[in-house]
Amino acid sequence: MRQSNYFVPTLREVPSDAEIKSHQLLLRAGYIRQNASGVYSYLPLGFTVLRKIEEVIREEMDRAGAQELLMPAIQPAELWKETGRWELYGPELMRLKDRHAREFALGATHEELITSLVRSEINSYKKMPALLYQIQTKYRDEKRPRFGLLRGREFVMKDAYSFDTCEEGGDAVYKQMVKTYHNIFNRFQLKFTPVVADSGAIGGEDTHEFMAISDVGEDTIAYSTESDYAANVEMAAVTQTYIKSNEELKELRTLDKHDYNPTDESQVITPTFFEVNDKHYMILTRQDHKVNGIKVKNYFEAEDAQAVTAEDIAMRLNIPIDEFNPFQSEIETYADHAVQAVVNGMICFETGDCYEHVNPERDFNITRYADFRMIQEGDPSPDGRGEIRFAKGIEIGQVFKLGTRYSETMEATFLDENGKSKPIIMGCYGIGVSRTLAAVVEQHHDENGIVWPVSLAPFLVHLITINPKNVGQKELSEKLYSIFQDEKLDVLYDDRSERAGVKFSDSDLIGIPIRIIVGNKAKEEIVEVKIRKTGESFDVPINSLIEFIRQQLKQLA
RNA sequence: CGGGAUGUAGCGUAGCUUGGUAGCGCGCGUGCAUGGGGUGCACGAGGUCGCAGGUUCAAAUCCUGUCAUCCCGACCA
């Protein structure tokens, strides 16, 4: 490709809207442009990389025995109503009507679609296991799109769905997909870790998220210093035990708000109210701990747990807020294990009522103690080895065991060997394709621009003529350009009549692994080879150039 | 959805407080020179100042509304 005629609008300055590196660099280097909040165009360079990501995914999925298909982005509302997600998914789901006022959704995901496709076709144990996938544009009307490609409203995703007759079969694909994901992300040269995760609104049982390690990641990973344990912070179980002092219990007393000045946060209790399955609960945690809504949700085996205010509770109980007495209210109370060890502690309620000498056992009617708090750095690792540290991660993939969540609601059943009807065991496996593009840039850049891994680079070599007006340089460049094409070395040829500095800067930004510079040694048939990643450069005679490049590419891979 | 900020040429911005012909840098076009890390000189094109109302003789500037974008939070398969 001749750069003089290639659509790569590079920018010298950082667009003011871009905050994080991947967003800035993809804009500046001419890979993407924004069209609306969270909606982007992929320019030729960006689109090329996107396709390379897709190709790697296809190769690995196909190797795992998956079959590719393509489903529509636009989906009839009825399907979403069948699973209840038309309501459950909320405003995140982009909805529209056709000219006959029929309702549709722009696919945020495709469980409904695939299940409806499969339920009438895969009706016998003989047709399973089956593993289908697609690479499709997805739509989610995020409350707050941000960070360029990392959280968009329109984005490209690979989603795969498995269908099995039994749990064991489902477990086997799950394992295989975990392995496949390792292969894929390794080929992208990403630093990543699979973590234990929560299944969220999609519903299901086991699930792991694949996290690309990055400071701009929106998720926090709790990992062990000693073992390979890693989990989404919200999921990490707290196994910490607490020692209760044998201090004498003092009498519960109200405390003036101004005297509330605790020195030891571990002796202060924080009440949080939750609405779960239409019921209300009070959860007590220690002040120096954070209550974990996901654990609350999972404790009650609910789809959702919402934190609510004391006012909401009072309203619910139909009493004025000032008469609301949390100590002996009708509201069911649970507490984190740590609370059990509080002796003569303090507590303040939203109402402004504060108390000292609180002793949970005595003063509250606690139904049960359980693990309700967020894990913290320094806590023991749940697997008993090492302690917990935090890292930030970008979620680039997730694997789910769906079980029969969709097959039951949508009646996707099959006949087994005994002619008995059973729901299909399903799994789903996603990879955020466009997000992965951004994640790779987050991990592979320096102060001058992007540094692509060979597997994803839009071109392998960047051929630059220092002075196109110099006949010798020009002729040698043209000759090399044609050789590279013959050798199937994807080449971007900067034949523009720009200053050397401009070409170098653009080249650094764009991030092609190997740069070939045709300069003042052209007459001796020597060119300079510069490695983007290491900055090393070599003078190489053209008769050994191809071999040299191949060898360098191999080293980088 | 709560809090904050910003909308002036393709990009980055000044001007707004104190109303009076819209300015700069980069980029873009032409020419000459230059040709190994964003080169120099000259000439030139490009702007309904986000949009709509209002105040005023007069609005980029003041007021009201609205839209858009970004940041923090809540939320998020």
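Each chain gets a letter, A, B and so on, in the order its sequence line appears, and its residues count up from 1.
Per the geometry, CD1 belonging to A:Ile466 stands 14 Å off C1' belonging to B:U39, to the nearest Å. Here B:C1 presents its P atom at 10 Å from CG of A:Asp141, a figure rounded to the nearest Å. Residue A:Leu27 contributes atom CG, which lies 10 Å from atom P of B:G12 at whole-angstrom precision. Atom pair A:Arg144:CZ and B:A5:P shows a separation of 15 Å (rounding to whole Å applied). Computed from coordinates, the A:Ile464 CD1 to B:G38 C1' distance equals 13 Å when rounded to whole Å. If you take CG of A:Asp506 and C1' of B:C26, they are 13 Å apart, rounded to a whole angstrom. In this entry the distance linking CE of A:Met211 with P of B:C76 reads 14 Å, nearest Å. As rounded to whole Å, 13 Å separates atom C1' of B:C70 from atom CD of A:Gln24.
Side-chain N/O atoms of A:Arg151 and base N/O atoms of B:C76 include a donor-acceptor pair closer than 3.5 Å. Interface remark: the A:Glu13 side chain does form a donor-acceptor pair with the B:G25 base, using a distance-only criterion of under 3.5 Å. Residue-to-nucleotide contacts include no donor-acceptor pair under 3.5 Å from the side chain of A:Glu498 to the base of B:G38. Judged by atom type and distance alone, A:Lys474 does not reach the base of B:G35 through any side-chain donor-acceptor pair under 3.5 Å.
One P atom belongs to B:G7, the other to B:U61, and the distance between them is 12 Å to the nearest Å. For B:G20 and B:G4, the C1' atoms lie 34 Å apart once the distance is rounded to whole Å. When the P atom is used for both B:A74 and B:U39, the distance is 45 Å, rounded to whole Å. A distance of about 30 Å separates the C1' atoms of B:U8 and B:G2, rounded to the whole Å. Comparing the P positions of B:U48 and B:A5 gives a spacing of 29 Å, expressed to the nearest Å. Only the C1' atoms considered, B:C11 is 22 Å distant from B:C16, to the nearest whole Å. Taking atom P in both B:C41 and B:U34, the straight-line distance is 16 Å, to the nearest Å. Only the P atoms considered, B:G50 is 15 Å distant from B:G15, to the nearest whole Å.
Relative to the side chain of A:Ser16, the nucleotides B:C75, B:G36, B:G12 differ in distance, and B:G12 lies closest. Checking B:C70, B:G35, B:G38 against the side-chain heavy atoms of A:Asn467 singles out B:G35 as nearest. Among the nucleotides B:G38, B:G12, B:C1, the one closest to the side chain of A:Arg28 is B:G38. In the set B:U34, B:C70, B:G12, B:U34 carries the atom at the smallest distance from any side-chain atom of A:Lys469.
Between A:Trp452 and A:Tyr31, the ring-plane angle classifies as tilted under the 30° and 60° cut-offs. Taking the six-membered ring where the residue is Trp, A:Phe548 and A:Phe538 present perpendicular rings, their angle passing 60° and hence far from 30°.
Nucleotide B:U55 has no partner under the Watson-Crick or G-U criteria, as no pair reaches both atom distances under 3.5 Å. The partner of B:G47 cannot be assigned: no Watson-Crick or G-U wobble pair with both contacts below 3.5 Å exists in any strand. Under the Watson-Crick or G-U wobble criterion, with both distances below 3.5 Å, B:U61 is left unpaired in every strand shown. Under the Watson-Crick or G-U wobble criterion, with both distances below 3.5 Å, B:G2 is paired with B:C72. Pair check for B:U13 finds B:G23; Watson-Crick or G-U wobble, both atom distances under 3.5 Å. Pairing for B:U39 is with B:A33, a Watson-Crick or G-U wobble pair whose two hydrogen-bonding atom distances lie under 3.5 Å.
Taking the six-membered ring for Trp and the full ring otherwise, A:Tyr481 and A:Tyr493 have centroids separated by under 6.0 Å.
In this structure, A:Lys401 is positioned above the aromatic face of A:Tyr174, its NZ or CZ under 6.0 Å from the six-membered ring centre and within 45° of the axis. Under a cutoff of 6.0 Å and an axis angle of 45°, A:Arg95 and A:Trp80 do not form a cation-pi pair.
The side-chain hydrogen bond (donor to acceptor under 3.5 Å, both in side chains) search around A:Asp141 returns A:Arg153, not counting sequence neighbours. For the side-chain hydrogen bond (donor to acceptor under 3.5 Å, both in side chains) test, residues two or more places apart in sequence or in another chain that qualify with A:Thr10 are A:Asp506.
Counting any heavy atom pair closer than 4.0 Å across all strands shown, A:Asp508 reaches a base atom. Among the protein residues, A:Lys521 comes within range of no part of the nucleic acid, since none of its heavy atoms lies under 4.0 Å from any strand. A:Arg496 comes within 4.0 angstrom of no nucleic acid atom, judged by non-hydrogen atoms across all strands. Among the protein residues, A:Asn520 comes within range of the nucleic acid bases, having at least one heavy atom under 4.0 Å from a base atom. Among the heavy atoms of the strands lying under 4.0 Å from A:Phe147 are primed sugar atoms or P, OP1, OP2 only; no base atom is included. Looking at heavy-atom distances under 4.0 Å, A:Ala36 makes contact with sugar-phosphate atoms alone, never a base. At the heavy-atom level, A:Glu92 lies under 4.0 Å from the strands shown only through sugar-phosphate atoms. Across all strands shown, A:Lys503 has no heavy atoms under 4.0 Å from either base or sugar-phosphate atoms. Residue contacts for A:Gly430: at a heavy-atom cut-off of 4.0 Å it reaches no nucleic acid atom on any strand shown.
Using a 3.5 Å distance cut-off with no hydrogens or angles, the side chains of A:Thr285 and A:Lys290 do not pair a donor with an acceptor.
For A:Ser37 and B:C70, the shortest distance from a side-chain N or O to OP1 or OP2 is below 4.0 Å. Checking the phosphate oxygens (OP1, OP2) of B:G27, a side-chain nitrogen or oxygen of A:Arg12 falls inside 4.0 Å. Put simply, A:Gln306 has no side-chain N or O that comes within less than 4.0 Å of OP1 or OP2 on B:C75.
The nearest heavy atom of RNA chain B to A:Ala18 and to A:Arg435 marks one nucleotide each, and the one closer to the 5' end goes with A:Ala18. Heavy-atom nearest nucleotides on RNA chain B were determined for A:Met157 and for A:Lys530, and the one closer to the 5' end corresponds to A:Lys530.
Among A:Phe300, A:Phe273, A:Phe274, the one residue that satisfies the ring pair (Phe, Tyr, Trp, His ring centres under 6.0 Å) test with A:Tyr281 is A:Phe300.
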